Trainee: 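Have a look at this one.
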There are 2 protein chains.
Amino acid sequence: MKKVTMADVAKLANVSKSTVSQYLNKRYEYMSEETRKRIARAIEELGYQPNIIARSLKQKTTMTIGVIVFNILHMLTTQVLHAIEEACQERGFHVIVSNSDDDPEKERKYIEMLRAKQVDGLIIFPTGKNADVYQKMVEERFPLVFIDRMVPGVKADAILLDNQKAAALAVEYFAERGYKRIGVVAPPPVSHIIPRMERIEGFRQALAKKGLPIVDDYFITTEIPYIQNELARLFASGRLPEALFAINDLTLMEVLYFIKGNHIKIPDELAIISIDDVPFAHVYTPTLTTIAQPTFAMGKKAAERLFLQIAKKSEHQPQIFRFSPTFIERGSAKEKNVIRKREVT
Amino acid sequence: MKKVTMADVAKLANVSKSTVSQYLNKRYEYMSEETRKRIARAIEELGYQPNIIARSLKQKTTMTIGVIVFNILHMLTTQVLHAIEEACQERGFHVIVSNSDDDPEKERKYIEMLRAKQVDGLIIFPTGKNADVYQKMVEERFPLVFIDRMVPGVKADAILLDNQKAAALAVEYFAERGYKRIGVVAPPPVSHIIPRMERIEGFRQALAKKGLPIVDDYFITTEIPYIQNELARLFASGRLPEALFAINDLTLMEVLYFIKGNHIKIPDELAIISIDDVPFAHVYTPTLTTIAQPTFAMGKKAAERLFLQIAKKSEHQPQIFRFSPTFIERGSAKEKNVIRKREVT
DNA sequence: CTTTCATACTAAATCGATTTAGTAATTATA
DNA sequence: TATAATTACTAAATCGATTTAGTATGAAAG
């Protein structure tokens with residue numbers, strides 16, 4: 001039951017290994033019809049399957065890319081991964097996915113391991129905390145694409161949402177419909193997580209631009225497990241906002257859970273818009289108005305950029321791509337009634 | 001910028017490659033403190049990173065497994081994948097995921113490619129149509145685990161839900177609450193997709209056991225895109241069932257979409273129970289009563305079984321594992337009112 | 001004082017492909 | 001007719017590790 005190698009095929013077909021190799025690589029130029037057939041028959045007979053590891057060692061290319069994500073539970077991750085998968089399968093590439101759990105230590109380790117495994121390139125949803133490691137890859141011209149988040153100072157391709165615009169879209173929609181007291185729900189803004197900053201800051205700026213009040217209490221920026229508490233505290237204070245902007249799917253889930261537990265009526269008592277078009281948005285009651293990221297296009301772009309870098313390692317000009325969000329109007333934010341059913345304060 | 005190899009390290013440290021290799025594999029037994037330090041320094045100085053491809057060629061193990069799924073959009077897939085990932089990361093394994101799209105041709109190709117890539121084992125959500133290929137792997141004692149679906153006649157490990165029980169759980173719950181006219185929504189039952197058969201047949205048997213009518217019209221078994229139509233036709237006929245059993249998350253989405261579009265009230269006009277505990281089940285209105293698959297345990301088990309096979313290729317006894325579903329009682333099926341709001345004949 | 005043993009290494013073979021440089025035979029060109 | 005070119009191959013080096021069999025040295029044992 002030992003493995004069949006090229007040498008076995010060569011022996012059976014009565015040719016050299018070199019010729020078999022030529023055959024496998026379809027370099028038929030100077031090969032007789034007769035030889036070709038003999039080799040084909042030998043391969044068939046032995047059930048020979050080439051060993052790609054051996055080939056990779058010589059060729060220094062593995063036709064494999066690595067993807068490091070910081071959170072698989074995120075909807076964006078799943079969908080982008082799907083798109084990357086698809087783009088890779090079209091070109092015969094394979095994908096190895098690793099989960100950094102937003103832990104820079106783990107991320108660093110996975111980068112090392114994947115590079116040791118000789119992946120041809122890396123697409124990273126970065127934790128943002130390994131600037132030195134990222135920088136080294138850029139300097140070595142190792143193919144690298146950031147997605148979802150980017151790292152200031154590291155000159156690499158980055159595929160991002162236009163987060164400011166996404167926040168503005170939400171605020172403008174609320175504003176136009178007469179909502180004034182608007183809050184935001186997000187994990188804590190930290191300087192190395194750019195999109196979070198951009199969404200929260202974009203929200204603040206859009207509020208200012210529309211001349212709407214910026215109320216500190218309406219900025220629920222705390223870790224996911226504490227969002228319920230914060231929301232409850234705000235609710236108990238009696239100064240509930242009229243509308244809430246959830247900056248991603250995970251925070252939206254918290255908001256919905258809170259609303260459910262407190263029998264708050266959407267959109268009459270509280271309007272909601274979130275980034276990430278969750279799959280149940282159109283079957284929820286009310287249907288959810290969301291701001292969709294073009295996840296598929298983003299994943300595809302990331303893969304394309306990586307392939308570009310792999311193809312011509314040298315003269316590659318890193319670029320930052322900002323993808324426009326799409327506003328999907330549904331039912332969780334409507335024309336605001338002047339007289340509310342449950343007036344607070 | 002050429003790669004640093006073990007030979008470079010050996011030269012700088014003034015030892016042989018063998019010694020460096022021993023060092024890297026922590027076989028310090030007969031190595032002087034002095035040498036160890038020199039090697040460590042040389043590695044540090046050169047920024048040496050071992051090439052795992054070369055190592056794999058010699059060792060005939062890649063510390064990589066392949067997973068072939070038939071549908072990434074399925075919730076089960078995502079969650080099981082997550083569990084497999086985690087189990088692999090614990091043991092230093094990497095995972096390559098490929099999507100067969102339920103196309104046997106694709107599946108066959110991916111099996112070939114992954115084996116050419118020398119993966120140490122394969123976890124497959126099988127299309128069910130490549131029995132010959134699966135069988136060959138079993139005969140060669142190539143580590144293989146089926147998950148979600150199994151293939152009759154192929155003696156390999158299989159991780160499955162107890163589908164009959166899942167169906168029975170739903171029917172019994174409905175029956176005990178006074179529901180009589182119960183329907184099922186599923187893709188078409190085909191002989192090579194075992195769980196689908198088991199769920200539909202299990203449903204039929206449970207109905208019989210409870211002495212409930214088996215109405216052909218209440219078996220909506222058609223491809224996902226046509227479910228809306230079938231549901232509409234049934235609805236138009238005026239003979240709506242009182243309860244519906246959705247056999248997975250994808251069919252549930254169709255049911256919910258239909259319900260939404262037709263302003264049907266859950267659970268008063270139509271009760272619903274589905275297999276797969278969708279992430280929004282607890283925030284939906286009403287909350288959704290579901291039958292959860294222990295996805296995490298299943299993924300973990302699949303990985304463990306594969307590792308077992310990898311560890312001792314020979315004396316491995318293939319087994320079929322049936323995981324028990326968990327009934328999660330929420331609000332989409334309640335005590336049935338004797339007088340219905342909208343009585344249909 | 002030889003032999004054995006333990007220690008601290010190394011040379012060379014090996015894994016299974018690809019690739020380069022070359023050979024032998026035949027055909028075309030000067 | 002001698003030389004060049006083309007065709008159809010092959011031997012051997014190579015990729016970068018691991019591993020086996022072995023060597024050299026000094027200490028312990030007989």
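Quantities reported herein were computed from a predicted structural model and do not represent experimental measurements. We name chains A, B, ... by the order of the sequence lines, and we start the count at 1 in each one.
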Trainee: Can you identify which nucleotide, out of C:dA17, D:dG16, D:dT18, has its nearest atom closest to the B:Thr5 side chain?
Mentor: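 Of the options given, the side chain of B:Thr5 lies nearest D:dG16.
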Trainee: Crowded around A:Lys11 NZ? As in, over 12 foreign heavy atoms under 6.0 Å?
Mentor: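 No.
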Trainee: Under the side chain to side chain contact (heavy atoms under 4.5 Å, CB included) rule, collect the residues that match up with B:Ala83, sequence neighbours excluded.
Mentor: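 Applying side chain to side chain contact (heavy atoms under 4.5 Å, CB included) to B:Ala83 gives B:Phe296.
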Trainee: So, are B:Lys136 and B:Glu139 salt-bridged, with charged N and O less than 4.0 Å apart?
Mentor: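 No salt bridge links B:Lys136 with B:Glu139.
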Trainee: Any side-chain N or O of A:Asn25 below 4.0 angstrom from OP1/OP2 of C:dT18?
Mentor: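 For C:dT18, OP1/OP2 do have a side-chain N/O of A:Asn25 under 4.0 Å.
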Trainee: What is the distance from CG of A:Leu57 to C1' of C:dC15, rounded to the nearest Å?
Mentor: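 About 9 Å, once rounded to whole Å.
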Trainee: Roughly, in whole Å, what's the span from CE in B:Met6 to P in D:dA17?
Mentor: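 One finds 6 Å between P of D:dA17 and CE of B:Met6, rounded.
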Trainee: Can you classify the ring geometry of B:Phe146 versus B:Tyr134 as parallel (below 30°), tilted (30 to 60°) or perpendicular (above 60°)?
Mentor: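 Taking B:Tyr134 first and then B:Phe146, their aromatic rings stand perpendicular (interplane angle over 60°).
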Trainee: Ignoring hydrogens and geometry beyond distance, is a side-chain donor-acceptor pair present between A:Asp157 and A:Gln309 at under 3.5 Å?
Mentor: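 Indeed, the side chains of A:Asp157 and A:Gln309 share at least one donor-acceptor pair under 3.5 Å.
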Trainee: Can you build the contact string for nucleotides 7-14 of chain D? Use B for base contact, S for sugar-phosphate-only contact, and - for no protein heavy atom under 4.0 Å.
Mentor: SBSBBB-B
Trainee: Using atom NZ of B:Lys37 as one end and atom C1' of C:dA8 as the other, report the distance to the nearest whole Å.
Mentor: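 Spelled out: NZ on B:Lys37 to C1' on C:dA8 is 17 Å.
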Trainee: Hey, is the side chain of B:Tyr48 poking within less than 4.0 Å of OP1 or OP2 on D:dA17, counting only N and O atoms?
Mentor: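 True: B:Tyr48 side-chain N/O within range (under 4.0 Å) of D:dA17 OP1/OP2.
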Trainee: Between A:Gln59 (CD) and C:dA17 (P), how many Å, whole number?
Mentor: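 In whole Å, C:dA17 P and A:Gln59 CD are 12 Å from each other.
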Trainee: In whole angstrom, what separates A:Leu24's CG from C:dT19's P?
Mentor: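 My rounded result for the distance is 12 Å.
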Trainee: In this structure, how many angstroms lie between the P atom of C:dA17 and the OH atom of A:Tyr23, rounded?
Mentor: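 Rounding to the nearest Å, OH of A:Tyr23 and P of C:dA17 are 15 Å apart.
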Trainee: Whole angstrom is fine here: how far is it from CZ in B:Arg27 over to P in C:dC9?
Mentor: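 Checked: the CZ to P distance equals 15 Å.
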Trainee: I want to verify a distance call: between D:dC15, C:dA17, C:dG16, whose nearest atom is closest to the B:Lys60 side chain?
Mentor: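 The answer is C:dG16, which lies nearest to the side chain.
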Trainee: Go through it in stages, so that I can follow the logic: the residues are B:Glu85 and A:Asn99, the test is side-chain hydrogen bond (donor to acceptor under 3.5 Å, both in side chains), and I'd like the CA-CA distance, side-chain angles, deciding distance and then a yes or no.
Mentor: CA-CA 8 Å; B:Glu85 266 291 324; A:Asn99 179 15; over 6 Å; no
Trainee: What distance do B:Thr127 atom OG1 and B:Glu105 atom CD have between them, rounded to the nearest 0.5 Å?
Mentor: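 Atom-to-atom, B:Thr127:OG1 and B:Glu105:CD are 10.0 Å apart.
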Trainee: Measure from CG on B:Asn51 to C1' on C:dC15 and round the result to the nearest Å.
Mentor: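 After rounding, the gap between these two atoms is 13 Å.
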